Amino acid sequence: MRHLLITVLCILSFSIPTIEAQNLLSENTVIPKPFEVVNRDGFFSLNSSAQIKFEDVRLRPLAHYLQDLLSPATGFDLSLRDINYVKDNPVIALAYSDEMTEEGYQIDIRKTETRIVASTNKGIFYGIQTLRHLLHESIELNDIQDQEYNIACGVIKDQPDYSYRGAMLDVARHFFKKEDVMRYVDLLALYKINTLHLHLTDDQGWRIEIKSWPNLTAHGGSTAVGGGDGGFYTQEDYRDIIQYAEKRFITIIPEIDMPGHTNSALSSYAVLNCDHKTTELYTKMRVGFSTLCTTSDSTYIFIDDVIRELAEMTPGPYIHIGGDESDATPIDEYITFIDKAQTIVNNHGKKVLGWDEIAHSKLYPNTIVQFWRKEKNALMGIEKGAKVLMSPANNAYLDMKYDANTKIGLRWAGYTDIDEAYNWSLEDFADGIDKEDIIGIEAPLWAETIVTIEDLEFLAFPRIIGIAEIGWTPTRLRQWDDYKLRLAVQGKRLTNLGVNFYHSPLVDW
Ligand code: ACM
């Protein structure tokens with residue numbers, strides 16, 4: 001009897017599957033939360049004979065990208081195949097379908113095939129990011145893991161609610177070298193963010209080489225908040241950033257902030273000042289004291305040169321002209337200035353983005369008003385026919401402290417813990433700013449108090465992940481209680497990626 005019991009136990013222990021039980025696909029850990037998920041029985045398992053199939057030669061670069069993502073932790077070759085693949089072995093297939101929206105994709109997970117389809121490479125890229133989130137978070141590690149990589153069977157159909165999902169990085173108050181920007185781009189892409197706005201100029205520093213006005217960077221780029229060394233991007237650096245971001249389907253939007261926030265330019269060229277005297281370099285944090293001489297022709301020659309060089313290097317559709325906090329510019333001059341700046345940008349083939357104050361001026365067709373502070377400005381912009389980009393400081397500013405204990409960051413718009421950064425929606429934010437008025441969301445990270453990539457990551461993560469979900473997932477599908485569980489798993493992924501993120505006590509990491 002005892003012998004029989006031991007035999008039965010042995011059989012039982014041998015029959016316990018070595019593969020971990022799978023959750024349903026609908027109980028996934030994906031952020032942003034996908035639009036629609038259907039469950040099926042069983043699971044797809046990556047093993048050493050798994051292959052990556054591309055059904056169109058234009059998908060080969062994405063097949064390579066997927067191979068590079070999955071090979072290190074699995075240790076599998078994941079050989080790339082065209083239609084000549086081994087039918088009995090597991091396959092991840094990439095294919096086009098013209099049934100999806102521009103950024104949409106579908107993943108169909110069966111026992112031997114996981115199939116990602118989209119109508120564009122961007123959609124396929126987003127499908128790959130979702131696949132990443134469906135795999136155990138150790139997939140992000142660079143050495144071989146003792147881990148089964150399985151995905152529950154089912155179908156995900158996904159597409160974004162808003163077409164503009166962005167982050168902004170201030171590289172003017174403190175300079176971030178191109179490798180830091182690229183790392184941020186990589187992390188943003190993981191959450192399907194499609195735009196990075198670079199705040200390239202401010203009172204404390206001019207960070208983009210303009211060949212026709214070299215002193216902007218030679219002198220105006222030489223310092224930063226607190227008096228450090230500053231720095232700038234050569235045009236080659238800037239192009240490298242753009243190319244790097246393009247490969248991750250992120251559009252770079254450059255900002256030249258004007259007519260205020262211009263002390264770095266005013267200290268570099270006397271001709272930009274109404275009194276023809278250069279100002280001192282500035283390394284403190286006050287705002288609202290500087291202005292270009294808006295009544296001088298030289299100023300518009302300068303802006304035309306800057307925008308021409310920038311437009312030539314920038315494939316994206318927008319140039320941001322700033323326009324915020326120009327308290328030293330008389331309002332009538334400000335209105336004329338913003339009008340002329342729009343003309344210059346349009347003449348160089350680009351559309352204008354500007355902070356909400358620009359709504360005081362005439363607005364050109366396709367000019368976008370970026371709401372950061374005053375609803376009344378955004379409403380004025382809408383009345384003038386503009387669409388709005390939503391960046392309300394209380395919820396979307398990544399440089400606000402999480403709470404009273406946060407060592408870096410500012411607090412003028414209040415503390416913003418991760419629930420506050422997540423628990424709002426674009427279309428319900430303000431009366432009169434309706435869904436059809438809004439192009440999307442952007443989370444700015446101002447750099448007065450951040451110096452290193454670790455500082456940057458600490459303020460951006462995890463709040464930027466919630467911002468990504470607000471832009472992608474319809475409001476009715478989002479709930480904080482569900483989000484924070486998915487975020488806890490993302491925390492492990494961020495740890496594996498070496499991200500210095502804030503472990504808010506609101507989440508059970
Ligand atoms: C801003 O925060 N000054 C746009």
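In this text the structure is predicted, and so the values were computed from the model without any measurement. Counting begins at 1 with the first residue of the sequence. Read the numbers this way: they start at 1 and go in the same order the structure lists the ligands and their atoms.
- Which of Trp355, Phe371, Tyr397 comes nearest to atom 2 (O) of ligand 1 through a heavy atom is settled by distance: it is Tyr397.
- Every atom of ligand 1 with a heavy atom of Glu325 under 4.0 Å away is listed here by number and element: 3 (N).
- The neighbour count for Asp229 CG, taken as heavy atoms of other residues, nucleotides or ligands under 6.0 Å away, does not exceed 12.
- Side-chain contact check for Leu198 versus Ile208: every heavy-atom pair is 4.5 Å or farther apart.
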What verdict does the salt bridge (Lys or Arg N to Asp or Glu O under 4.0 Å) test give for Glu140 and Lys492, after you've listed the backbone C-alpha separation in whole Å, the side-chain angles of each residue and the deciding distance to 0.1 Å? CA-CA 10 Å; Glu140 307 297 344; Lys492 297 184 188 138; over 6 Å; no

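- Inclusion of His261 in the set of residues having an N or O under 3.5 Å from an N or O of ligand 1 is not warranted.
- The single protein non-hydrogen atom nearest to atom 3 (N) of ligand 1 is Asp324 OD2, 2.7 Å, given as residue, atom name and distance.
- Of all atoms in ligand 1, numbered sequentially from 1 with element shown, those under 4.0 Å from a heavy atom of Trp446 are 1 (C), 2 (O), 4 (C).
- Within the 4.5 Å cutoff, the side chain of His199 has heavy atoms near those of the Trp446 side chain.
- In this structure, the separation between CD on Glu246 and OG1 on Thr251 is 7.5 Å, given to the nearest 0.5 Å.
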